[in-house]
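Treat the numbers as computed from the prediction; the structure is a model and nothing was measured.
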There are 2 protein chains.
Amino acid sequence: MTAATPLLRAYRGERPERLPVWFMRQAGRSLPEYRATREGTRMLDACLTPALAAEITLQPVRRHGVDAAILFSDIVVPLKLAGIDVEIEPGVGPVMGAPVRTAADVARLPELDPAALAPIREAVGRCVEELGTTPLIGFAGAPFTVASYLIEGRPSRDHLVTRALLHTEPGVWDELLAWVARQTERFLRAQVEAGASALQLFDSWAGTLPPADYRTGALPHSRTVLEAVADLGVPRVHFGTRTVQILTDLRDAGADVVGIDDRTPMAEAVSRLGPDVTVQGNIDPALLAAPWAVLERHIRQVITDARAARSHVLNLGHGVPPTTDPDVLTRVVELAHSETG
Amino acid sequence: MTAATPLLRAYRGERPERLPVWFMRQAGRSLPEYRATREGTRMLDACLTPALAAEITLQPVRRHGVDAAILFSDIVVPLKLAGIDVEIEPGVGPVMGAPVRTAADVARLPELDPAALAPIREAVGRCVEELGTTPLIGFAGAPFTVASYLIEGRPSRDHLVTRALLHTEPGVWDELLAWVARQTERFLRAQVEAGASALQLFDSWAGTLPPADYRTGALPHSRTVLEAVADLGVPRVHFGTRTVQILTDLRDAGADVVGIDDRTPMAEAVSRLGPDVTVQGNIDPALLAAPWAVLERHIRQVITDARAARSHVLNLGHGVPPTTDPDVLTRVVELAHSETG
């Protein structure tokens, strides 16, 4: 029954009877019920407590009627479960006990024991049970983005250490990203085996690399992950920010669906990708704070421009800003559902 | 004599006998002499103390033998001189006493009294005196980037408030950016009148806007500034980061030279701009930390690709990282000077 939902039909390249929609970071700080649930609980503890992670995952489905849930998690969760010393500091982001920059650092990285993924499987199972036919999307960071946190040791604006390492120690680089790719495959596999009907690989920082460096250093490892989970038979969405120059690379890495970021006009995305690709996106999150007439005009333009693609799942071009009025998101869902797919 | 220097010949579209080079943020934390000079002095105090600003401006010329100095300043200096409550907090960036977001906020903005620019004129005069024939480049932020600090009130990763305001209050937006453009013209005019031989408009955050929004909301105000200083007769360089989609807009705003950022391959930049444009850039700053052989190969590629442009001034594609070994910069200058322009 899930397979017949608008989301999965669109992900398979069909044009369903109504336009499916969900929002990146829909489970998050924009929702008062999320803030209440998270109160007093650290981010990674919330991700690794199945009842909490499931509750948070389901909140936006209950409130907005979106066409999919996406597992509430974080890109460093598989690192944590592998035994890496990592915490998410409020207002900062992921902070590593020690950065990973040398061959010796990489050699010391532990392999993720699939048994450690039990809390992820349980959270997914709980979600799927309550969701009924509504699909759950599995979640993971792409090797480059995850590795950039390992290399920098903490969030970075310019990723200078990461970008230098790619050129200085290409062997260390490839071993590190291959390690991340292996853990990522296990993380995604556990989610699909527990009931996720699709998966999205988030390469948030893909656009920080010059395109040639992306192709040399990041793309092959994303391809490893996407190909490694191909046997699971679920649609694979590939998303990054500031990817206008590498959209066809995102597609060719083995994606069934390309997520379009908010700096890429949808018309240009479809023109670059061609009419045989399914696109997801790309409402500008900044416009969620604009008057409805302005936002509506923008959304209708996105929908119109995406009609030149094979199929379309409406989404934002980046995550929901924490300051977003949740009622606006509900209204966006109503608008999407008034449109054909 | 300054007009015959390689920098100014290249800026005018000629191919001088040797390739000119300077570095964005060459006067800054990468230099031990800068750190010693700045010790105990706040950023804006350093900018507004002529002897200090001149000393810092000259340090990289003395050390590296670069082909130009650029006035040590900050994009919020004209705001400070106009009487805006702004400070630069170490490790944070510009912080406003109050954000500017409404028509009433904009109406209250004071006009910069040209007399208040005396410390800028004096700093430029001191620089020019010591520089001899070496040109000094005048410095200013572009209206959009400066306005984004006024609107957000402090540095922002996503500029969500700024991007929303453009759509929510286009009238307020245009009045604010027109105000910034007026102050910017005065700031640049003072520098050229005191002896600067070229000027560069920095639109650091231009790439945070979707291209259509850049064209509606930012470009017209950059054009206002560049056209307002055309009568001064000095070359005008226009630079922003992540500008691959708007390079021809940067040119058409009234620039004599387009600065290319580090995410845009030089070959693509020249292909987009055509062979009649002078380009500046775009060594990847991340590679300043790579082994020399890797960096040298990259620089030679940039130089080769830029030979398809009308003329070329070698520079980075973004500012010098504070962790850069200054000896590497000196070596880059030597490499540039071994090449013909």
**Student:** For the candidates B/L287, B/V161, B/L295, B/V294, which exhibits the highest count of non-hydrogen atom pairs separated by less than 4.5 Å from chain A?
**Tutor:**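 Counting heavy-atom pairs under 4.5 Å, the top option is B/L287.
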**Student:** Given that the side chain runs from C-beta out, which part of A/D213 has a heavy atom under 4.5 Å from chain B: side chain, backbone, both or neither?
**Tutor:** side chain
**Student:** Can you tell me which of A/Q245, A/H318, A/E169, A/H159 forms the most heavy-atom pairs within a distance under 4.5 Å of chain B?
**Tutor:** A/Q245
**Student:** Report which part of A/T208 has an atom under 4.5 Å of a heavy atom belonging to chain B: side chain, backbone, both, or neither.
**Tutor:** both
**Student:** Strictly below 4.0 Å, N to O, side chains only: are B/R215 and B/D252 in salt-bridge contact?
**Tutor:** no
**Student:** Between B/A293, B/P210, B/G317, which shows the greatest number of heavy-atom pairs under 4.5 Å with chain A?
**Tutor:** B/P210
**Student:** Among A/P265, A/A286, A/A212, which has the most heavy-atom pairs under 4.5 Å with chain B?
**Tutor:** A/A286
**Student:** Take B/D105 and B/T102 through the side-chain hydrogen bond (donor to acceptor under 3.5 Å, both in side chains) test and state the conclusion after the steps.
**Tutor:** CA-CA 5 Å; B/D105 294 341; B/T102 67; 3.2 Å; yes
**Student:** Thinking salt bridges, do B/R242 and B/D262 make one under a 4.0 Å N-O criterion?
**Tutor:** no
**Student:** Are A/R163 and B/D284 ion-paired here, with the side-chain N under 4.0 Å from a carboxylate O?
**Tutor:**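 Looking at A/R163 and B/D284, the cut-off is met.
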**Student:** Do B/Q26 and B/I70 come close enough that some side-chain heavy atom pair is under 4.5 Å?
**Tutor:**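 Result yes, sub-4.5 Å side-chain heavy-atom pair found.
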